[in-house]
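Note that the structure is a prediction, hence the values are computed from the model and not measured.
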Amino acid sequence: MIELAEGVGKGGADACPIAYDAGKAAEAAKIGEGIETGAAGAEAGEPVATAKGGRTTDPQEAWAGKPGGLISCSYHVGGEDLTVHTVGTEAGSATNYLLPTAQYAGGMSFEDVKAFGTKATDAKPGEPVASKGGNVVSVRFDSGGKGDVALLVTVGEDDKSALKPEQVLELARTFASQAK
């Protein structure tokens with residue numbers, strides 16, 4: 001994951017470096033209008049993928065002493081943003097890096113995000129964990145004993161989405177199956 005994140009670069013990329021097939025995810029989730037690349041309302045030239053992470057000892061960085069990478073790929077369905085965040089760490093919980101994003105997108109209180117984080121971190125690989133409102137779903141991967149890898153799918157914001165919670169769950173399942 002570190003190498004993929006470093007390959008995206010600081011300015012982002014015009015394509016997601018992870019082979020996600022948004023069309024197949026939309027089909028699996030029974031989203032009739034499909035999923036388009038890029039954030040809703042994005043200007044021409046805005047990156048589709050952004051990345052953070054690497055190897056650093058800078059104590060100001062989240063990755064200090066625990067190398068890892070985060071890649072966020074932007075899509076939209078209708079007028080809503082749909083983002084697939086994929087994170088891998090060599091040590092610690094990958095899910096923990098995604099909790100601020102989950103809290104914002106899910107409109108979660110501190111107690112809610114704490115409970116979501118515990119459930120998502122403890123989940124078995126492949127088992128999706130949804131927020132109360134259903135617009136945020138986390139899935140851990142089997143990392144083969146080397147660190148931790150997870151994805152977080154967010155649709156809409158503030159715990160609101162035009163998609164049904166079951167559709168967001170299916171999107172997360174499908175994207176997780178494609179990331180292997």
Side-chain angles (χ1 to χ4, degrees), residues 1-29 31 33-56 58 60-64 66-90 94-108 120 131 135-141 143 147-163 167-168 170-180:
M1 184 62 68
I2 295 170
E3 291 77 19
L4 277 177
E6 288 172 342
V8 170
K10 292 184 182 193
D14 59 3
C16 184
I18 301 170
Y20 290 131
D21 185 334
K24 284 187 180 177
E27 188 177 303
I31 299 171
E33 59 195 281
I35 297 173
E36 301 292 325
T37 303
E43 300 287 325
E46 283 188 43
V48 169
T50 57
K52 295 179 181 177
R55 299 178 190 281
T56 181
D58 180 351
Q60 299 298 317
E61 293 289 327
W63 309 100
K66 293 183 180 178
L70 166 65
I71 297 173
S72 299
C73 298
S74 300
Y75 304 94
H76 64 276
V77 56
E80 288 189 308
D81 287 333
L82 182 159
T83 309
V84 181
H85 306 275
T86 311
V87 64
T89 61
E90 288 185 4
T95 303
N96 287 342
Y97 286 93
L98 300 170
L99 291 180
T101 301
Q103 183 176 24
Y104 174 77
M108 297 181 210
S131 63
N135 72 318
V136 176
V137 178
S138 175
V139 181
R140 289 186 59 238
F141 297 103
S143 63
D148 194 30
V149 183
L151 70 71
L152 183 78
V153 172
T154 62
V155 183
E157 61 181 40
D158 243 359
D159 201 23
K160 294 177 183 77
S161 172
L163 298 182
Q167 290 176 299
V168 182
E170 192 55 44
L171 284 171
R173 281 188 193 105
T174 304
F175 282 124
S177 71
Q178 294 172 357
K180 296 178 181 178

Novice: What are the two closest heavy atoms between Ala5 and Ala51, and how far apart are they?
Specialist: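 Closest heavy-atom pair between Ala5 and Ala51: O-CB, 3.4 Å.
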Novice: Just how far is it from atom CD1 of Ile35 to atom CZ of Phe175, taken to the nearest 0.5 Å?
Specialist: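 So the gap between those two atoms works out to 4.5 Å.
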Novice: Mark yes or no for whether His76, through its side chain, and Gly38, through its backbone, hold a donor-acceptor pair below 3.5 Å.
Specialist: yes
Novice: Is it true that atom CD of Glu80 has more than 12 heavy atoms of other residues, nucleotides or ligands lying nearer than 6.0 Å?
Specialist: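 Correct, the count exceeds 12.
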Novice: Take Arg173 and Glu170 through the test salt bridge (Lys or Arg N to Asp or Glu O under 4.0 Å) and record every step on the way to the result.
Specialist: CA-CA 5 Å; Arg173 281 188 193 105; Glu170 192 55 44; 3.3 Å; yes
Novice: Ser138 and Ala120: which non-hydrogen atoms are nearest, and at how many Å?
Specialist: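 Minimum heavy-atom contact is OG-CB, 3.8 Å.
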Novice: Counting distance only, does the side-chain N/O of Asp148 pair as donor-acceptor with the main-chain N or O of Ser143 below 3.5 Å?
Specialist: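 Side chain of Asp148 to backbone of Ser143, a donor-acceptor pair under 3.5 Å: no, none is there.
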Novice: Heavy-atom distance under 4.5 Å between the side chains of Ser74 and Pro47, does that happen here?
Specialist: no
Novice: Within a strict 4.5 Å, meaning less than it, do heavy atoms of the Leu70 and Tyr97 side chains meet?
Specialist: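 No, their side chains stay 4.5 Å or more apart.
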Novice: Is any side-chain heavy atom of Thr83 less than 4.5 Å from a side-chain heavy atom of Thr101?
Specialist: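 No, side chains not in contact.
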Novice: Heavy atoms, side chains only, cut-off 4.5 Å: are Val136 and Leu152 in contact?
Specialist: yes
Novice: When rounded to the nearest 0.5 angstrom, what is the spacing between OG1 in Thr174 and NZ in Lys24?
Specialist: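 Spacing of OG1 (Thr174) from NZ (Lys24) equals 10.5 Å.
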Novice: If you compare all heavy atoms of Ser131 against all heavy atoms of Met108, which two are closest, and at what distance to 0.1 Å?
Specialist: CB-CE, 3.6 Å
Novice: Taking all non-hydrogen atoms of both residues, which atom of Ser161 and which atom of Val155 are closest, and how far apart?
Specialist: OG-CG1, 3.3 Å
Novice: Output yes when a side-chain donor or acceptor of Gln178 lies under 3.5 Å from a complementary backbone atom of Asp21, and no otherwise.
Specialist: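 Yes; judged by distance alone, with no hydrogens or angles, the pair exists.
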Novice: Test side-chain contact (heavy atoms from CB on, under 4.5 Å) on Leu4 and Ile18; report intermediate values, then the result.
Specialist: CA-CA 8 Å; Leu4 277 177; Ile18 301 170; 4.2 Å; yes
Novice: Are the side chains of Leu171 and Tyr75 in touch, meaning some heavy atoms are under 4.5 Å apart?
Specialist: no
Novice: Heavy atoms, side chains only, cut-off 4.5 Å: are Tyr20 and Leu151 in contact?
Specialist: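 The answer is yes, as the side chains (C-beta and beyond) meet within the 4.5 Å cut-off.
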Novice: Which pair of heavy atoms, one from Val168 and one from Val137, lies closest together, and at what distance?
Specialist: CG1-CG2, 3.7 Å
